[in-house]
**Student:** 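Take a look at this one; I'll ask things after.
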Amino acid sequence: MTVRTRVAPSPTGDPHVGTAYVALFNYCFAKQHGGEFILRIEDTDQTRSSSESEQMILDALRWVGITWDEGPDVGGAHGPYRQSERAALYQEAAQTLLDGGHAFRCFLTSDELTALRAEHQQAGATHSMVSPYTDLSRAESDALVAEGRPFVIRLRTPREGTCVLQDRLRGTIEVAWDQVDQQVLLKSDGFPTYHLANVVDDHHMGITHVLRGEEWISSAPKHQLLYAAFGWDMPQLVHLPLLRNPDKSKLSKRKNPTSILYYERMGYLPEALLNYLGRMAWSMPDEREQFSLDEMLAHFDVDRISLGGPVFDVAKLDWLNGVWLREALTEAEYADRVAQWALNRDYLSQIIPLVRPRANKFSDLAPLAGFFLHGVMDLSPADLQGLKGVADDDEVRRILTWCLWRLDELRAWDPDVIQATLREMAEVMGLKLRVLLAPFFVALSGQKSATPLFQTMAILGKDLVRARLRHAVDVLKPLSGKEQGRWRKAFDEARAEHAASLAAAAGPA
RNA sequence: GGCCCGUUCGUCUAGUGGUUAGGACGCUGGCCUCUCAAGCCGGCAACACGGGUUCAAAUCCCGUACGGGUCACCA
C-alpha cells in the first residue's frame, strides 16, 4: 500500500505558519515512505472562503519549499481537489448515511437551536445535546421535507458505551459516546461540514495517514463513526501538538504574527522558516539545528515527535535565519535573495512614485524610503509623544488599537479601502483625520511625516503594518487584559453609535 | 463547567529504569578584534507536586496541580 498524506487548508484568510508546519510533517512522512503528498482545499464554508486566499496559501506553501503530487493547481487522479467542486459526492454520501440510519434530518431552526443550547447549558448537562428529531420516523421526516421545511443532516451517535480510538503518538484514547455530539454533516445550504467532507475525501483520495493538529482529537470519534458507517478503513491518526503563543495558548495572529507572508516580508529565508518549523516538536537524531528539507526528510521519524505544545519563539527563528544567511548561501546567492526580497524592480516601482516628488538626488532615497526596508521600527516613547492634537499616551494607544482592530476586519488591502476605513475611524472616535493619522506616521515610518500614508500602508502590506502598529502601542505600554476588554466594549459601542447616526442622517427624507 | 490531550532549564529539545540530566536559543562573563556583529571559550538555569512499583525512577502506575484543546449549519 502506498502511503498517501495530505494537508487540507481552508482558504479563509492569510496563509498560516501552522499550515506549513502540518504540511511539512505530512510531506516528510509520505516522501520518506515513497508515498504521495496531496494538497486539498477545504472551501465548504461559502461565506468565508475566497479564491484569493486559496491562491495565497498555494503560493506561500510553494515559497517555503513544499511541493505536492496532487492538488487543485497540478491536478491528479483523484480530483477535483477543491471541495466546492465535489458537492455531489457529499450529497450522495449523506444520502447513504440517511438511508442506512446512520444520520437523520434535523429541522431545528437556528433560534430553536440557540434556545436549546442555552437550556442545555443552564441545566448543567454533562453529556452532549440530543436533537428532538433524532428518532423521527423516515415517513415523518419525509413529510416535513415535503412541506418544504429546511433541515440539516446530523450524525446519529450512540448514547452509551465508549469510543476507543488509536492515535499513533498517544496510543489508545477512550471517549464516552454520550460526549460525542450529533454533528451536522450536511448544512442547510447543501454543503457538507468539515467532518463529512473530510472523511469522504480522505477515503476517495486514498489517504492512509492523517497528520493533523491536536485540536481535532475531540472530533475523531465522529470521524471513526463515519468510517464505520460507510464501511471504510480509517486512516491512521497522528495528532500533532499545536504551535503556541508565548503565553502557551494556540498560536493566533492577535498575539503573534502567524502569516507566512509576514515572515517573507520581514526577510526570512523560506528554508530557514521551514527549518524552524521542523524544529517544532521534532529534532534531528543528532540534534543539529540547521537542516534542509531533504535532510529532514532523510531522518524524519514520526514516532519521535514530542507532544508538549511548542512555543513559536521568534528569537530562535532569528538566530536560525542568521545561520542560513551566513553559512548556507554563497555571496552571489545572497545578493540574489536580497534582490528577490525587496531590491527588485517590482517593489521599487511601487515606492518610486511616492518618493520621486520629494527627492533631489538618489542619496535622498535612503532617509525618505528606508523604512520600506525595515521590520518593526525602532521607536522610543518620546517619538510617539507630543503629537499635535493628541492628548496623551493613552489616546495614542487607543487610536492605534482601535484602528488595528478595524483594519483587521478588512479583506481588501488597497489605498482606497484603507483611506475609507481610517476616515470612518476618525468619525467614530470624534477626531480630525489629521490627528488620528499622526501616530500612524510615527509608528510606520519612525518619523512624524513620511510618504502618503494610505499608499504607504498598502505597499507595506497588512502584516507589516499590523506588526508596526502593535509595536508602537507596546513601546508606550502593552495593552493589559483589562484594557483589552474595556476598550473592546467601548470600541463596539462607538461604532454602533456611529452607524446609528449615519442611519439617522440617511433616514427617510 | 463536562470531556479529551499534555507537563525536562525562560524558550526549542535529547533522554525510553542505573547519566555529574546533554545540546540549542536567549541572558551573562571572557577571548578575538579599528567599532559592532560573527566566531571561539566559560557561567547561570530544568525533570510540576504527592504517593506507589523497584535494589534503583526524569523514565512505569495512580492521584493532585497547572497548561492546552474542544463542546458551531468554521475548519
Side-chain angles (χ1 to χ4, degrees), chain A residues 8-13 16 18-19 40-49 83 106-110 113-114 117 120-129 150-154 162-163 165 167 169-198 212-222 239-251 276-290 303-323 325-327:
Chain A
S10 174
T12 53
H16 199 281
T19 304
R40 181 174 72 224
I41 295 293
E42 309 229 330
D43 57 350
T44 54
D45 184 344
Q46 287 296 283
T47 56
R48 296 198 309 152
S49 298
Q83 291 186 328
C106 175
F107 298 87
L108 248 22
T109 64
S110 68
L113 196 58
T114 310
R117 230 184 317 259
H120 186 77
Q121 178 137 42
Q122 194 104 84
T126 59
H127 54 81
S128 68
M129 218 163 63
F151 63 89
V152 299
I153 294 182
R154 288 182 182 275
T162 307
C163 173
L165 299 159
D167 177 274
L169 301 175
R170 293 155 216 269
T172 303
I173 297 174
E174 297 189 18
V175 184
W177 277 120
D178 70 6
Q179 294 299 320
V180 180
D181 51 25
Q182 300 176 317
Q183 183 64 51
V184 170
L185 301 175
L186 206 67
K187 302 183 250 186
S188 53
D189 65 2
F191 273 86
T193 58
Y194 168 86
H195 307 277
L196 210 219
N198 192 264
R212 65 185 356 170
E214 193 178 6
E215 67 218 284
W216 294 107
I217 292 179
S218 58
S219 40
K222 300 169 202 169
H239 288 100
L240 304 172
L242 255 21
L243 261 26
R244 313 281 190 100
N245 294 311
D247 70 0
K248 306 278 190 182
S249 56
K250 174 170 152 180
L251 193 63
Y276 181 68
L277 291 173
R279 285 293 289 111
M280 300 276 83
W282 191 76
S283 60
M284 276 288 197
D286 65 359
E287 288 204 82
R288 92 187 85 141
E289 298 286 343
Q290 189 211 7
D303 297 308
R304 279 187 68 253
I305 291 173
S306 61
L307 297 178
V311 170
F312 192 96
D313 177 17
V314 181
K316 184 150 182 177
L317 171 60
D318 278 352
W319 166 79
L320 189 59
N321 198 61
V323 172
L325 245 25
R326 267 174 247 117
E327 297 171 12

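Since the structure is predicted, the reported quantities are computational estimates derived from the model, not experimental observations. The figures here come from the full heavy-atom set of this structure, side chains too, leaving out hydrogens, waters and symmetry mates.
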**Student:** Between B:rU64 and B:rC55, how far is it from one P atom to the other, in whole Å?
**Tutor:**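 These two P atoms come out 28 Å apart once rounded.
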**Student:** Give the minimum heavy-atom separation between A:Gly309 and A:Pro241, together with the two atoms involved.
**Tutor:** CA-CB, 4.1 Å
**Student:** Can you check the distance between B:rG67 and B:rU28, where both ends of the measurement are the C1' atom (answer in whole Å)?
**Tutor:**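 Between the two C1' atoms, the distance is 30 Å.
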**Student:** Taking atom C1' in both B:rC25 and B:rC62, compute the distance separating them and give it to the nearest angstrom.
**Tutor:**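 Approximately 37 Å lies between the C1' atom of B:rC25 and that of B:rC62.
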**Student:** Starting at atom CD1 of A:Ile305, determine the distance to atom P of B:rU16, rounded to an integer number of angstrom.
**Tutor:**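 These atoms are roughly 19 Å apart.
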**Student:** Quick one: do A:Glu214 and A:Lys250 satisfy salt bridge (Lys or Arg N to Asp or Glu O under 4.0 Å)? Show the steps, please.
**Tutor:** CA-CA 10 Å; A:Glu214 193 178 6; A:Lys250 174 170 152 180; over 6 Å; no
**Student:** Across all strands shown, which nucleotide pairs with B:rC40 by Watson-Crick or G-U wobble geometry, both distances under 3.5 Å?
**Tutor:** B:rG30
**Student:** How about A:Arg212 and A:Asn198: do any of their side-chain heavy atoms sit closer than 4.5 Å?
**Tutor:** yes
**Student:** Taking any strand in view, what nucleotide pairs with B:rG1 in a Watson-Crick or G-U wobble way, both distances under 3.5 Å?
**Tutor:**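 Its partner is B:rC71 (Watson-Crick or G-U wobble, both distances under 3.5 Å).
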**Student:** Each nucleotide in nucleotides 44-49 of chain B should get exactly one letter: B, S or -. Can you fill that in based on protein heavy atoms under 4.0 Å?
**Tutor:** ------
**Student:** Can you measure from CD (A:Glu42) to OG1 (A:Thr193) and round to the nearest 0.5 angstrom?
**Tutor:** 10.5 Å
**Student:** Considering only atom P, compute the distance from B:rC32 to B:rU7 and round it to an integer number of Å.
**Tutor:**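 Each nucleotide's P atom is 45 Å from the other's.
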**Student:** Over all strands shown, is A:Arg279 touching base, sugar-phosphate only, or nothing at heavy-atom distances under 4.0 angstrom?
**Tutor:** base
**Student:** Checking contacts here: which listed nucleotide (B:rG39, B:rC3, B:rC12) is nearest the side-chain heavy atoms of A:Val175?
**Tutor:**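 Closest of the options to the side chain of A:Val175: B:rC3.
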**Student:** Over how many whole Å does the gap from A:Glu289 atom CD to B:rU11 atom C1' extend?
**Tutor:** 12 Å
**Student:** In a check of side-chain hydrogen bond (donor to acceptor under 3.5 Å, both in side chains) between A:Arg279 and each of A:Glu287, A:Gln290, A:Glu289, which one passes?
**Tutor:**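 Going through A:Glu287, A:Gln290, A:Glu289 one by one, the side-chain hydrogen bond (donor to acceptor under 3.5 Å, both in side chains) with A:Arg279 is satisfied by A:Glu289 alone.
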**Student:** Give me the distance, rounded to whole Å, that separates B:rC4 from B:rA57 when you measure between the P atoms they each carry.
**Tutor:** 30 Å
**Student:** Quick check: on RNA chain B, is the nucleotide nearest A:Asp313 upstream (toward 5') of the one nearest A:Val323, or the reverse? Name the residue that is more 5'.
**Tutor:**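 With A:Val323 and A:Asp313 compared, the 5'-side residue is A:Asp313.
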**Student:** Between C1' on B:rG68 and NE2 on A:His239, what's the gap in Å once rounded to a whole number?
**Tutor:**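 Distance, rounded to whole Å: 15 Å.
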**Student:** What's the CG-C1' distance between A:Leu307 and B:rU13, to the nearest Å?
**Tutor:** 13 Å
**Student:** Please tell me which of the listed nucleotides, B:rA24, B:rG6, B:rC4, lies nearest to the side chain of A:Arg170?
**Tutor:**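 Per side-chain heavy atoms of A:Arg170, the pick is B:rG6.
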**Student:** Show the nearest heavy-atom pair for residues A:Ser128 and A:Val180, with the distance to one decimal.
**Tutor:**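 What the structure gives for the nearest pair is OG-O, 3.0 Å.
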**Student:** Taking the C1' atom in each of B:rA14 and B:rU59, what is the distance between them to the nearest angstrom?
**Tutor:** 13 Å
**Student:** Using a 4.0 Å heavy-atom cut-off to protein, can you give one letter per nucleotide of nucleotides 69-75 of chain B, 5' to 3': B if the base is in contact, S if only the sugar-phosphate is, - if neither?
**Tutor:** SSSSBBB
**Student:** Quick one: look up who B:rG6 pairs with, Watson-Crick or G-U, both distances under 3.5 Å, and put none if it's unpaired.
**Tutor:** B:rC66
**Student:** Are there more than 12 heavy atoms of other residues, nucleotides or ligands under 6.0 Å from atom CD of A:Gln46?
**Tutor:**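 Yes, because the 6.0 Å sphere around CD of A:Gln46 holds more than 12 heavy atoms from other groups.
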**Student:** Once you apply a heavy-atom cut-off of 4.0 Å, does A:Gln121 come out as touching a base, just sugar-phosphate, or nothing?
**Tutor:** nothing
**Student:** Rounded to whole angstrom, note down the C1' distance from B:rG30 over to B:rC66.
**Tutor:** 40 Å
**Student:** Check the distance between B:rG6's P and A:Leu243's CG and give it to me in whole angstrom.
**Tutor:** 18 Å
**Student:** Keeping A:Asp189 on the side-chain end and A:Phe191 on the backbone end, is there a donor-acceptor pair under 3.5 Å?
**Tutor:** yes
**Student:** In whole Å, measure the gap between the C1' atoms of B:rU33 and B:rG39 for me.
**Tutor:** 11 Å
**Student:** Any strand counts, and the cut-off is 3.5 Å on both contacts for Watson-Crick or G-U wobble. Which nucleotide pairs with B:rA21?
**Tutor:**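 The base-pairing partner of B:rA21, which may sit in any strand shown, does not exist here.
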**Student:** Does a side-chain N-to-carboxylate-O contact under 4.0 Å join A:Arg48 and A:Asp45?
**Tutor:** yes
**Student:** May I ask which nucleotide in the shown strands pairs with B:rU54, Watson-Crick or G-U wobble, both distances under 3.5 Å?
**Tutor:**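 Result: none.
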**Student:** Salt bridge or not between A:Asp181 and A:Lys222? Use side-chain N to carboxylate O under 4.0 Å.
**Tutor:** yes
**Student:** Please determine if a side-chain N or O atom of A:Arg304 lies less than 4.0 Å away from the OP1 or OP2 oxygen of B:rU13.
**Tutor:** no
**Student:** Aromatic rings A:Tyr194 and A:Trp216: how do their planes relate, parallel, tilted or perpendicular, breaks at 30° and 60°?
**Tutor:**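 Correct class here is parallel.
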**Student:** If you pin A:Phe312 and A:Ile173 to their nearest nucleotides in RNA chain B, which one's is more 5'?
**Tutor:** A:Ile173
